[in-house]
There are 2 protein chains.
Amino acid sequence: MTSLRDTIAADLRTQITTGHLKPGERLPSEPQLAAHYKVSTPTLRNALAFLQAEGLIDKLHGKGNYVRRPLSRLTYEGGALTPTLHLTVRTTQLRAQGMLATLLKVPSRTPLTEFLCIGHADESPHSLARIYIPRDLAAAEPPWCRQRPAEVQDRVTARLPTSEEAATLRITPALAILAITRISTDPTGRVIEAAHLVLPGDRAEALFTTHHTTEKGGAEG
Amino acid sequence: MTSLRDTIAADLRTQITTGHLKPGERLPSEPQLAAHYKVSTPTLRNALAFLQAEGLIDKLHGKGNYVRRPLSRLTYEGGALTPTLHLTVRTTQLRAQGMLATLLKVPSRTPLTEFLCIGHADESPHSLARIYIPRDLAAAEPPWCRQRPAEVQDRVTARLPTSEEAATLRITPALAILAITRISTDPTGRVIEAAHLVLPGDRAEALFTTHHTTEKGGAEG
DNA sequence: GAGTGGTCTAGACCACCAC
DNA sequence: TGGTGGTCTAGACCACTCC
């Protein structure tokens, strides 16, 4: 009924979560584990790939498989990233077109500035952001927009990373990510910023707080 | 440099997104595709598994691989699911303990009611919700809480589904999901509802709108 | 060079679906 | 019954890490 892969993954998962295998500890080599579970190496590797996608182990080429240490969790708060060490990799001048023009509600060929940012913690990247701002509002320093937003809309989805995103964030292509498209508008309704954020699912979460006034009720389902 | 799997996946992805392969269309059988790309069937299946995780194809056991039709996207709006056909599978009386007691900020063994809900659209499940409400506030009909929330806090993460979640939602274990933990409080600060929501990443998104008053600024990074 | 994980092969065997 | 996908095997060969 349940596959060998799932059985093995479940067993190792239990050993990790119960502390039988401790954080930082190296697992036996794959041939050894395969022999122990009496399966072929591809089957065993399949199970390990699952644990990697869950963020329970790190696979290090040429070194071994290690139980992952608990990660400090990055919290994105609706409308703003938590203060952290950021690295602006690239600033690009471009012109709006297609999807970008639609998001920013500007005509095609409107001058924009793109900020490509990578967030870091513990020497490893933990967030990727592409921020687009109409050029007349763009600033040289963070926050890169000269104007304060009156309303911020965050559209959050879960998906697997593209190979480029996986390479940039140094994560496995099987690790789920939070993809957030953020649109900020000023009091007049003008879009002053559009941003694509990518946060690894194993070390990031997004937090949104909604206040309901008495006039309008809340939970419908 | 790039693996055969990625090359094949990229090729098929292109054929799908460009319309060369149309929605609903059946792909050639796996042995045929393997022969076409001159790879073994496991390698080809590996590529197809990737496309499945991206939501581009459906793998139907005994029938074939099909280009997926565009899915109607479920939008969860901060604090409330969009009105849709819901099915309450189970109502359970239980007592708070551990994590649940912490979330609800109640003492252990406080009586609670759990509502297990599955959302449907087009005959297929598209959302899974576990809602916990202090028993004195629980109602028999949706919305199951007798009281209106003053504040709703949504904690959003991306991860892979557990095997139970995958089975319930009829999705592949490799498809990323949005996991939302929602805490609703009344004006006095009492927690009136805690909910765990699971939304498939290929057909759901969460939308949050934040309004900033003039006193407090917004984007910090 | 020894040991590790990364990729791929060729094929067996089972389960599901349609006829 | 025949074709399809699902799982697993046994092993080859390459790339990376460390000594």
Side-chain angles (χ1 to χ4, degrees), chain A residues 1-12 16 21 24-68 123 161 163 166-167 170-175, chain B residues 1-12 21 24-68 123 160-161 163 166-167 170-175:
Chain A
M1 183 65 191
T2 54
S3 63
L4 289 177
R5 181 198 62 188
D6 290 344
T7 306
I8 295 169
D11 183 60
L12 289 171
I16 292 174
L21 287 167
E25 190 173 339
R26 212 203 87 177
L27 273 60
S29 74
E30 296 182 351
Q32 284 173 344
L33 283 173
H36 174 260
Y37 287 110
K38 297 194 174 78
V39 296
S40 64
T41 45
T43 298
L44 181 105
R45 284 177 51 72
N46 210 327
L48 291 184
F50 245 66
L51 297 179
Q52 186 191 25
E54 292 176 23
L56 286 176
I57 65 170
D58 280 321
K59 305 189 106 271
L60 302 185
H61 193 165
K63 296 188 67 175
N65 300 296
Y66 293 80
V67 179
R68 181 178 277 191
E123 303 183 12
S163 49
R170 298 168 183 273
I171 58 178
T172 163
L175 177 67
Chain B
M1 183 63 193
T2 55
S3 62
L4 289 177
R5 180 198 62 189
D6 290 344
T7 306
I8 295 168
D11 183 59
L12 289 171
L21 287 167
E25 190 173 342
R26 212 202 86 176
L27 273 60
S29 74
E30 296 182 351
Q32 285 173 344
L33 284 172
H36 175 258
Y37 287 111
K38 298 195 175 76
V39 297
S40 63
T41 45
T43 299
L44 181 107
R45 283 177 52 73
N46 210 329
L48 291 184
F50 246 66
L51 297 180
Q52 185 192 25
E54 292 175 23
L56 286 177
I57 65 170
D58 280 320
K59 306 189 105 271
L60 301 186
H61 194 166
K63 296 188 66 176
N65 300 295
Y66 293 80
V67 178
R68 180 178 278 192
E123 303 183 13
L160 298 184
S163 48
R170 296 169 185 271
I171 58 178
T172 163
L175 177 67

Classify [X] by what it touches in the nucleic acid, base, sugar-phosphate, or nothing, heavy-atom distance under 4.0 Å.
X: A/Asn65; value: sugar-phosphate
X: A/Pro31; value: sugar-phosphate
X: A/Leu48; value: nothing

Exercise. What's the verdict on side chain to side chain contact (heavy atoms under 4.5 Å, CB included) for B/Tyr37 and B/Thr43, showing C-alpha distance, side-chain angles and the deciding distance?
Worked result: CA-CA 10 Å; B/Tyr37 287 111; B/Thr43 299; over 6 Å; no
Exercise. Under the side chain to side chain contact (heavy atoms under 4.5 Å, CB included) criterion, do B/Arg26 and B/Lys63 qualify, and how do the steps go?
Worked result: CA-CA 9 Å; B/Arg26 212 202 86 176; B/Lys63 296 188 66 176; over 6 Å; no
So which nucleotide from [options] ends up closest to the side chain of [X]?
X: A/Pro42; options: D/dA10, C/dG6, D/dC8; result: D/dA10
X: B/Ser3; options: C/dA15, C/dG6, C/dC8; result: C/dC8
X: A/Arg26; options: D/dT9, C/dC17, C/dT4; result: C/dT4
X: B/Ser40; options: C/dC16, D/dA10, C/dA10; result: C/dA10
X: A/Arg45; options: C/dG5, D/dG5, D/dC8; result: C/dG5
X: B/Ser29; options: D/dG6, C/dG5, D/dT4; result: D/dT4

Problem set entry | Position toward the 5' end of DNA chain D (nearest nucleotide), A/Asn46 or B/Leu60 | B/Leu60
Just the rounded figure in Å: distance from [atom2] of [N] to [atom1] of [X].
X: B/Leu4; N: D/dC14; atom1: CG; atom2: C1'; value: 13 Å
X: A/Tyr37; N: D/dT9; atom1: OH; atom2: P; value: 14 Å
X: B/Leu27; N: D/dG5; atom1: CG; atom2: P; value: 9 Å
X: A/Leu33; N: C/dG3; atom1: CG; atom2: P; value: 17 Å
X: B/Gln52; N: D/dG6; atom1: CD; atom2: C1'; value: 11 Å
X: A/Lys38; N: D/dC8; atom1: NZ; atom2: P; value: 16 Å

For this session: Evaluate the criterion side chain to side chain contact (heavy atoms under 4.5 Å, CB included) for residue pair A/Leu12 and A/Leu48; output intermediate values, then yes/no.
Result: CA-CA 9 Å; A/Leu12 289 171; A/Leu48 291 184; 3.8 Å; yes
Problem set entry | Side chain proximity check, B/Pro161 to B/Ile171, heavy atoms < 4.5 angstrom |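 Of all side-chain heavy-atom pairs linking B/Ile171 with B/Pro161, at least one is under 4.5 Å.
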Could you tell me whether the phosphate oxygens of [N], OP1 or OP2, come under 4.0 Å of any side-chain nitrogen or oxygen in [X]?
X: B/Lys63; N: C/dA18; answer: yes
X: B/Thr43; N: C/dT7; answer: no
X: A/Thr41; N: D/dG11; answer: no

For this session: With a 3.5 angstrom cut-off on both distances, give the Watson-Crick or G-U wobble partner of D/dA10, or none if there isn't one.
Result: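 Pair assignment: D/dA10 / C/dT9.
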Exercise. Is any side-chain N of the basic residue among A/Glu54 and A/Arg68 closer than 4.0 Å to the acidic one's carboxylate O?
Worked result: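 A salt bridge is absent here (no side-chain N lies under 4.0 Å from a carboxylate O).
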